[in-house]
Amino acid sequence: LFSLSFIIGFLIGTLYINNLSHKQSLLTRLENAILNQELHFVYQPIYKVKDRNITGVEALLRWTDSQIGYIGPDIFIPLAEKNGLINKISQYVVEHAIRQCAPMLLNNDITLSINVSCADICSAEFREKLLSTLKKENVAGESIILEITERQSFGTDDIKQTMDFFKGTGIMFALDDFGTGYSNLNWLSLLDVDEIKIDKSITDSIGTESINKHILPGLIGMFKNIPKIVVFEGVETEMQYQFLKENVPECCVQGWYFAKAVPLSELRAVLPG
Ligand code: C2E
Ligand code: CA
Ligand code: CA
Ligand code: CA
């Protein structure tokens, strides 16, 4: 019995260490990818449901490591958040995405949505980077929407202060992943955001028997009374599109039914001008 528990203990220990060193190497590789500017962007269009006119694009980060291959943001963003690297990523994102999109933003009446963690927008370094990049690239604050989510618990007081700081710059805020545990009514009532992005899990429930379908009528009723931009994410089917067009005619839509996220060069095909 003793030797058995010894062997099990040994195995668990080895697995643990392997896992740890794997994570550390992924983290080191991510750090290097930021330093070497190897992270790049794809952009997904957002449309008015009414006329399918494009209103903006969302920048989504992509990372292909030379040895490991493609690593999704669902993997490396949480990793960066846990290890204090997210601040660097957010600065990288505002600098590079705004620079890359600057000509498009100047020539088209559309917005650029950028994903940022709450902890970052409250840092002075981030604000400085954002404002200096806008100035340098000659991009108006009105062209930028910061999409915030709350995965780590975070004081809303700090975010409120940050939003006040940005008032007057024209920069807008969107509450991302609305309807999930991380982003809910409590947040909406506390923060004066310009836009609400309804999570794909709610969009998925349209026309199904899923538990989330009960949330939908309430949300639709609520949106009629609040003057905010509402974007439904992850629209994949004609049925979902038609439902939203009929029931939430003022909303915007984003999803594979309309367009996947593509490199900037391919985006020109969907732009009006
Ligand atoms: P998100 O902000 O909710 O982004 C939407 C995700 O849904 C994207 O996944 C997008 O490709 C995917 N998507 C859009 N339409 C559809 C659809 O119709 N069907 C399906 N199945 N998926 C759809 P992606 O690019 O893998 O990003 C995942 C998450 O990683 C993002 O979720 C966001 O939270 C985070 N992320 C991505 N880029 C950044 C970034 O630059 N900074 C930060 N902090 N987070 C980022
Ligand atoms: Ca987002
Ligand atoms: Ca989202
Ligand atoms: Ca999401």
Side-chain angles (χ1 to χ4, degrees), residues 30 33-34 37-47 49 56-64 70-101 111-123 126 129-130 133 144-152 154 172-184 187 193-206 229-241 244 252-264 266-267:
L30 180 57
I34 301 167
Q37 315 204 339
E38 285 163 4
L39 302 176
H40 65 278
F41 298 95
V42 285
Y43 299 92
Q44 190 178 30
I46 300 166
Y47 307 88
V49 77
V57 297
E58 176 176 3
L60 295 160
L61 205 47
R62 292 292 176 263
W63 177 28
T64 303
Y70 175 76
I71 302 151
D74 282 336
I75 306 279
F76 71 81
I77 293 291
L79 183 74
E81 281 175 342
K82 275 191 214 101
N83 293 279
L85 208 62
I86 192 66
N87 203 282
K88 270 193 195 136
I89 292 191
S90 290
Q91 287 182 42
Y92 182 96
V93 170
V94 289
E95 185 173 6
H96 290 81
I98 292 174
R99 186 192 299 157
Q100 192 176 34
C101 290
T111 53
L112 170 65
S113 294
I114 297 172
N115 292 284
V116 283
S117 296
C118 282
D120 296 336
I121 59 168
C122 298
S123 94
F126 173 85
K129 178 65 86 188
L130 174 55
T133 305
I144 305 297
I145 301 176
L146 298 178
E147 296 194 1
I148 54 174
T149 24
E150 193 31 13
R151 278 183 282 255
Q152 303 143 315
F154 199 78
M172 292 175 280
F173 286 86
L175 191 54
D176 204 354
D177 298 342
F178 190 79
T180 67
Y182 300 117
S183 179
N184 49 40
W187 268 63
V193 292
D194 306 275
E195 178 180 303
I196 308 165
K197 297 199 78 173
I198 310 300
D199 193 69
K200 182 175 184 300
S201 57
I202 307 276
T203 307
D204 283 343
S205 76
I206 296 172
I229 306 166
V230 175
V231 181
F232 279 81
E233 292 187 317
V235 178
E236 289 183 342
T237 67
E238 166 78 20
M239 188 269 290
Q240 292 168 343
Y241 165 51
L244 291 172
C252 294
V253 283
Q254 179 179 2
W256 294 352
Y257 178 75
F258 305 99
K260 287 199 174 180
V262 293
L264 189 68
E266 287 170 46
L267 203 58

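Whatever order the structure lists ligands and atoms in, that order sets their numbers, starting from 1. In this text the structure is predicted, and so the values were computed from the model without any measurement. Note that the numbering runs from 1 along the sequence shown for the chain.
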Where the closest heavy atom to [atom] is concerned, which of [options] has it?
atom	options	value
atom 5 (C) of ligand 1	E233, E147, K200, K260	E233
atom 39 (C) of ligand 1	N115, T203, I114, D176	N115
atom 30 (O) of ligand 1	P73, G72, S113, A97	P73
atom 28 (C) of ligand 1	L60, D74, D204	D74
atom 45 (N) of ligand 1	L61, D199, I75, I77	I77

### Query
Do the side chains of L264 and Y43 get nearer than 4.5 Å, heavy atoms only?
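The answer is yes; the side chains approach within 4.5 Å.
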#### Entry: D176 vs I148 side-chain heavy atoms within contact, under 4.5 Å
no
### Query
In E147, which N, O or S atom comes closest to the Ca ion (ligand 2)?
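When I compare the N, O and S atoms of E147, OE1 is nearest to the Ca ion (ligand 2).
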### Query
Of all N/O/S atoms in E58, which lies nearest to the Ca ion (ligand 2)?
OE2
Measuring from atom [atom1] of [X] to atom [atom2] of [Y], what distance do you get when rounded to the nearest 0.5 angstrom?
X	Y	atom1	atom2	value
C252	I196	SG	CD1	12.0 Å
I89	I77	CD1	CD1	4.5 Å
Q100	H40	CD	NE2	9.5 Å
I145	E195	CD1	CD	4.5 Å
E95	T133	CD	OG1	5.0 Å

Would you kindly specify which portion of [X] sits under 4.0 Å from ligand 1, judged on non-hydrogen atoms: side chain, backbone, both or neither?
X	answer
V235	backbone
R62	side chain
K197	neither

### Message
Which residue in the set D120, L85, I114, N115 passes side chain to side chain contact (heavy atoms under 4.5 Å, CB included) when paired with S90?
### Response
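Answer to the side chain to side chain contact (heavy atoms under 4.5 Å, CB included) test with S90 among D120, L85, I114, N115: D120.
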Ignoring hydrogens and angles, tell me if any N or O in the side chain of [X] forms a donor-acceptor pair with the backbone of [Y] under 3.5 Å.
X	Y	answer
D194	F173	yes
T203	V235	no
E266	P263	no
E38	W63	no

Counting each atom of ligand 1 from 1 as listed, which ones have a heavy atom of [X] under 4.0 Å away?
X	answer
D177	3 (O)
E58	2 (O), 4 (O)
G255	15 (N), 18 (O)
V93	41 (O)

### Task
Please verify whether a non-hydrogen atom of A261 lies at under 4.0 Å from ligand 1.
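For ligand 1, residue contact (heavy atoms, under 4.0 Å) with A261 is absent.
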### Query
Is N115 close enough that one of its N/O/S atoms sits under 3.0 Å from the Ca ion (ligand 2)?
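True for N115.
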### Task
Taking both backbone and side-chain atoms into account, decide whether E233 has an N/O/S atom under 3.0 Å from the Ca ion (ligand 2).
no
For ligand 1 and [X], I'd like to know whether there is a polar contact (N/O to N/O, distance under 3.5 Å).
X	result
Q44	yes
S90	no
Y257	no

### Message
For the Ca ion (ligand 3), give me the closest N/O/S atom belonging to D176, just the atom name.
### Response
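Sorting the N, O and S atoms of D176 by distance to the Ca ion (ligand 3) puts OD1 first.
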### Task
Specify which N/O/S atom of D177 comes nearest to the Ca ion (ligand 3), by atom name.
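The D177 atom nearest to the Ca ion (ligand 3), restricting to N, O or S, is OD1.
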### Message
Below 30° counts as parallel, above 60° as perpendicular, anything between as tilted: where do the rings of Y47 and F258 land?
### Response
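Tilted.
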